[in-house]
Amino acid sequence: MSAEQQHRDGQAADPGPRSLAQALRERDDASLGALLRSRPDLLHPVPTDVTQLATRAGTRASVLRALEHLDRFALQAAEALAVAPDPASYQELLDLLAGDDGDEEVAGALPATVALLRERALVWGGEDRLRLVRTARELLAPSASHSSPTGLGPSVAEATSGMSPGRIQAILTAAGLPHTHDTVSAVAALSGLFADRERVAELLEGAPEASREVLTRLVWGPPYGQVTAEPAAHLRWLLDRGLLLPTTPGTVVLPREAALSLRGGRAHRVPEPTRPRVAVAAERKPQVVDAAAGGQALAALDTVEELLRSWDEGGPAVLRAGGLSIRDLKRTATVLEVPEPVAAFWVELAYAAGLIASDGGYVEEHHDRHDRPDADADAEGYEDEETRDARTRRRSGEAEHYAPTPEYDAWRDLPPAERWAWLLEAWLPGTRAPGLIGGRDGRDRTLSALGPGLDRSPAPEVRRRVLELMAGLEPGQAPDPATLLERLRWERPLRSAGPRREQPEPPRTGVRPAYGGGVAANDPEALRTKLTEWALLEAEMLGVTGRGALATHGRALLGAEGRSEGAGAGTAAAGSARAAVVAALLAPLLPEPLDHVLLQADLTAVAPGPLVRPLAEALGVLADVESKGGATVYRFTPGSVRRALDGGRSATELHAFLDRHSRTPVPQPLTYLIDDVARRHGLLRVGAASSYVRCDDESVLDEILADRRATALRLRRLAPTVVAAQADPRTLIEGLRAMGFAPAAESAEGDVMIARPHAHRTPPRTPPAPVPDGPPAPDTTLLTAAVRAVRAGDRAATAPRKETPQAPGGLPRTSPADTLATVQAAAMTGESVWIGHVNAEGAASQRLLAPLRVEGGYVTGYDHTADEVRTYALHRITGVAELADEPDGAEPAR
């Protein structure tokens, strides 16, 4: 037995419910819960009863959202119902989708699709009376200005509604139909003619070839065309026979019945009942995929660390409109050695993870407590002073800067796998789309990194769905991007006012699209295409995929429970169950940090892998990074050695450090370099006069004074060992270093000042919250409570009551004595009564109450409306009405 026959046999012959509210009322709790789960906007706030639920389900905003979450075939079925008679039978819907020749795939898929539309409250009614909710019909049906998404226009009856009876009779005569004086029967006869395939074919046998060409152009939509006041002969032939009917002056339309006959009964040119298959572009060993993904994950961590390290003492300024300037983005890209769009992605990822933020317009430097000017002061008072200073700086217009947040320090101390999981917890649900950076918004303004206007609510859904489709393949299989995009288009087609346009050509297999580039603000199809491409590229850059296939830890990212509340929520995100599972799977793929390097005779050091943090930080001061990759190459220069000496390290300490951490002997040239720089370091002393230079060797000062490059410093000898300058100490130090000397700064007491970098941190910041597409999906607890409340409210709203005087607003009205007597009697007999209640805020409501006890001026009972026991003050009850007697066989309200 076919699926279609099973569907028909399983349906009763009765006409079914008379309204959507009745159809919902007849559902069981599981079905109501499924409706609220698929359409969570109906839950905010929770409907008071089924009638309110049905009303809300029929609003324009809710129906639009429901239509946008249908797959392509479900949307095609809804579009077909919009052009079918209202109500339509299941067979009529099947005929519109399968056509005169039938389609086994359509017939097999339609029962489940109709059930889906019923579940989502878009279709209701019995088997022979299927009804599309009115709002959906208005959205999908053709109008005088546009056609249906199917490409069909108005029916004959709709197109001739304003036509004169004489004109209709003339059309009947030209079409070979018998004359009638009844306009209704005339329109019905013309509709019957166009709906008959054979009679339409006979009518067109005598049509001019040009007339048939016009119909061919209009048959699949749009069905509208323009004509002049004196149409050509081939157009006049169609107008005379009603195959083209006027809608507005100069505009004609092909009526729906005629178009369906010419189409062979199909509402859509190509029904698509089957979801497209995601093809495999390449197949690799899962171990190779995991290894490649692990390498990418390590590179991602290095890139983010390099970014935050470069901003550690204060990052770029915040633009007045928010975000980074193009110049600062270019500088960041140069530091990271990546293209600018990729640099923008890493900046946005660190921002989404809560690792960088704006400092709010003031500098907060982290020192040891003994560095504070008021070290003995109360800590709270110190912070209050900084807060007041921050407000003063902001009022004065001091620029804000981006800098790492305090969360960065916590993130940096985590193991590598947990740090990576932290980043992924920010990336997966994030709604900001870094690929848009560099494009233009709706007001033709440039979209900047970290700036406003980058949130796109479909981004997390597309990102997650791309990974889910990749997870549906076998381990090691890389999907074809073109088929992946086509599958997403089938699952979430973009509904439009007109017929569906041909989709743009997908990217060719094997062609890797470039990241970024922006997208038109008013082109949702292009946005979805770009979001899909960006999801694939971002997953590869982060190490979720390796060589185009989903890695093992990427599959765990989708399957593990425990999703954290909000992206980048600090240790809560890193400690979630999902992050723990992903980190455990990734950890074996990451190499263990090394505590040694290999020193070379050419003044370089090679780190054959990632280094432990203390070694990496110390080596980063002592040497400059020359190249990155699987092995990092550091180069020692006089400037880098001087930097280490400025940081307070002595030559002896540097020699010991290299001996301790090198697996090869320390080369002699490196030893000489350190000793030579150390011998000259600090020989000159710079202090504040404006500034001065002090040196025990008079010949060195003679050399400085004789150098032409010292002219700009305006030096003057005060004593044999002291030279004063008209420049500030920093400028003086930089000038002397440019001349080849190695001066050291000294304090007012004559001690050498150690130049330690001060980490710049923002105050505690909350990472940006994603901007979801509608309300979040409800959990089981909320669904159960909502269904229970709707049922209780419905029982209360539909319970019959006896006639009683009413107060304004429809509340029962009885005297205080009658109210007390009725409530006491109901408590004794266990009956339910209607009460009118006014709360302390003056809000009036009707409650169906089963009183349990009456004492102390209060009545306590089970409130069927709220589905719980409540207590009401008697003086706030406006009146009481008893329930009407139930007819024989009827169930009581309780």
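Quick note: numbers below take in every heavy atom, side chains included, and nothing from hydrogens, waters or symmetry partners.
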*Asks:* Give a yes or no on whether the backbone of G430 and the side-chain of R463 come within a donor-acceptor separation of less than 3.5 Å.
*Replies:* yes

*Asks:* Compare every heavy atom of E257 with every heavy atom of A195, then report the nearest pair and how far apart it is.
*Replies:* N-CB, 4.2 Å

*Asks:* I'd like to know if the side chain of S148 and the backbone of A141 have a donor-acceptor N/O pair within less than 3.5 Å.
*Replies:* no

*Asks:* Should L130 and L93 count as side-chain neighbours, where that means a heavy-atom distance under 4.5 Å?
*Replies:* yes

*Asks:* What's the separation between atom CG in L245 and atom CG in L239, rounded to the nearest 0.5 Å?
*Replies:* 8.0 Å

*Asks:* Would you compute the distance between atom CZ of R440 and atom CG of L447 and round it to the nearest 0.5 angstrom?
*Replies:* 8.5 Å

*Asks:* Do any N or O atoms from the side chain of E119 and from the backbone of S31 form a donor-acceptor pair under 3.5 angstrom?
*Replies:* no

*Asks:* Would you say the side chains of T431 and S457 form a donor-acceptor pair under 3.5 Å?
*Replies:* no

*Asks:* Would you indicate whether the side-chain heavy atoms of V253 and P154 approach each other to under 4.5 Å?
*Replies:* yes

*Asks:* Below 4.5 Å, heavy atoms only, C-beta onward: do L260 and L96 meet side chain to side chain?
*Replies:* yes

*Asks:* What pair of heavy atoms forms the shortest contact from A88 to A84, and how long is it?
*Replies:* CB-CB, 3.9 Å

*Asks:* Got a sec: does the CZ of R212 have more than 12 other heavy atoms crowding it under 6.0 Å?
*Replies:* yes

*Asks:* Within the 4.5 Å heavy-atom criterion, are W534 and P434 side-chain neighbours or not?
*Replies:* no

*Asks:* Determine the sole option in L218, L204, T216, L243 for which the side chain to side chain contact (heavy atoms under 4.5 Å, CB included) test with L262 is passed.
*Replies:* L204

*Asks:* May I ask you to decide whether R492 forms a salt bridge with D71, counting only side-chain N to carboxylate O separations under 4.0 Å?
*Replies:* no

*Asks:* In the structure I gave you, are the side-chain heavy atoms of L484 and D480 within less than 4.5 Å of one another anywhere?
*Replies:* no

*Asks:* Could you check whether any side-chain N or O of S191 sits under 3.5 Å from a backbone N or O of V187, counting only pairs where one atom can act as donor and the other as acceptor?
*Replies:* yes

*Asks:* Is there a donor-acceptor contact under 3.5 Å linking the side chains of S89 and D128?
*Replies:* no

*Asks:* Could you tell me if T248 and T251 have a donor-acceptor pair between their side chains, going purely by distance under 3.5 Å?
*Replies:* yes

*Asks:* After noting the C-alpha distance and the side-chain angles of V214 and H234, does the key distance pass the side chain to side chain contact (heavy atoms under 4.5 Å, CB included) rule?
*Replies:* CA-CA 9 Å; V214 170; H234 66 282; 3.7 Å; yes

*Asks:* To the closest 0.5 Å, what do you measure between CG (L244) and CG (L238)?
*Replies:* 4.5 Å

*Asks:* Under a 3.5 Å distance rule, please check whether R241 uses its side chain to pair with a backbone N or O of W237 as donor and acceptor.
*Replies:* yes

*Asks:* Rounded to the nearest 0.5 Å, what separates atom CG in L53 from atom CZ in R39?
*Replies:* 8.5 Å

*Asks:* Are any of the side-chain heavy atoms of R263 and L152 separated by less than 4.5 Å?
*Replies:* yes

*Asks:* Taking everything shown except R18 itself, do over 12 heavy atoms lie less than 6.0 Å from its CZ?
*Replies:* no

*Asks:* Please report the shortest heavy-atom distance between P40 and R37, naming the atom on each side.
*Replies:* CD-O, 3.7 Å

*Asks:* Is the count of non-hydrogen atoms from other residues, nucleotides or ligands lying under 6.0 Å from D182 atom CG greater than 12?
*Replies:* yes

*Asks:* Are R72 and E486 close enough for a salt bridge, meaning some N to O gap below 4.0 Å?
*Replies:* yes

*Asks:* So does R167 have more than 12 non-hydrogen atoms from other groups sitting under 6.0 Å from CZ?
*Replies:* yes

*Asks:* Treating D95 as the side-chain partner and G99 as the backbone partner, does any N or O pair qualify as donor plus acceptor under 3.5 Å?
*Replies:* no

*Asks:* Do R269 and T150 pass the side chain to side chain donor-acceptor pair (under 3.5 Å) test, and can you show the C-alpha distance, the side-chain angles, and the key distance before you say yes or no?
*Replies:* CA-CA 8 Å; R269 176 177 287 184; T150 61; over 6 Å; no

*Asks:* To the nearest 0.5 Å, tell me how far L36 CG sits from L42 CG.
*Replies:* 6.5 Å

*Asks:* Looking at R256 and E158, is any side-chain nitrogen of the basic one under 4.0 Å from a carboxylate oxygen of the acidic one?
*Replies:* yes

*Asks:* Are any non-hydrogen side-chain atoms of P85 and E92 less than 4.5 angstrom apart?
*Replies:* yes

*Asks:* Main chain of A82, side chain of R137: is a donor-acceptor contact present, judged purely on distance under 3.5 Å?
*Replies:* yes

*Asks:* What do the steps show when you test T113 against Q76 for side chain to side chain contact (heavy atoms under 4.5 Å, CB included), and what is the final call?
*Replies:* CA-CA 10 Å; T113 299; Q76 285 182 333; over 6 Å; no

*Asks:* How long is the gap from CG on L454 to CZ on R432, to the nearest 0.5 Å?
*Replies:* 4.5 Å

*Asks:* Quick one, V133 and W124 - any side-chain contact, counting heavy atoms below 4.5 Å?
*Replies:* yes

*Asks:* Are the side chain of T59 and the backbone N or O of R56 linked by a donor-acceptor pair below 3.5 Å?
*Replies:* yes

*Asks:* Hey, is R465 close enough to E468 for a salt bridge, meaning N to O under 4.0 Å?
*Replies:* yes

*Asks:* For a quick test of reading the model, state the closest non-hydrogen atom pair linking A121 to L24 and the distance between them.
*Replies:* CB-CD2, 4.3 Å

*Asks:* Before you tell me yes or no, could you show the steps for R489 and T529 under side chain to side chain contact (heavy atoms under 4.5 Å, CB included), namely the whole-Å CA-CA distance, both residues' side-chain angles and the distance that decides it to 0.1 Å?
*Replies:* CA-CA 9 Å; R489 287 172 175 162; T529 301; 3.4 Å; yes

*Asks:* Is the shortest side-chain N to carboxylate O distance from R131 to D86 below 4.0 Å?
*Replies:* yes

*Asks:* Over all heavy atoms of both residues, which pair between A78 and L132 is shortest? Give the atoms and the distance, please.
*Replies:* O-CD2, 3.6 Å

*Asks:* Apply the test side chain to side chain contact (heavy atoms under 4.5 Å, CB included) to residues L177 and I171: give CA-CA distance (whole Å), side-chain angles for both, the deciding distance (0.1 Å), then the verdict.
*Replies:* CA-CA 9 Å; L177 296 174; I171 292 175; over 6 Å; no

*Asks:* What is the minimum heavy-atom distance between M163 and P246, and which atoms define it?
*Replies:* CE-CD, 3.8 Å

*Asks:* For T160 and V156, indicate whether the former's side chain and the latter's backbone hold a donor-acceptor pair under 3.5 Å.
*Replies:* yes

*Asks:* Would you call R487 and E491 a salt bridge, taking side-chain N to carboxylate O under 4.0 Å as the test?
*Replies:* yes

*Asks:* Can you check whether A279's main-chain N or O pairs, donor with acceptor, with T483's side chain at less than 3.5 Å?
*Replies:* yes

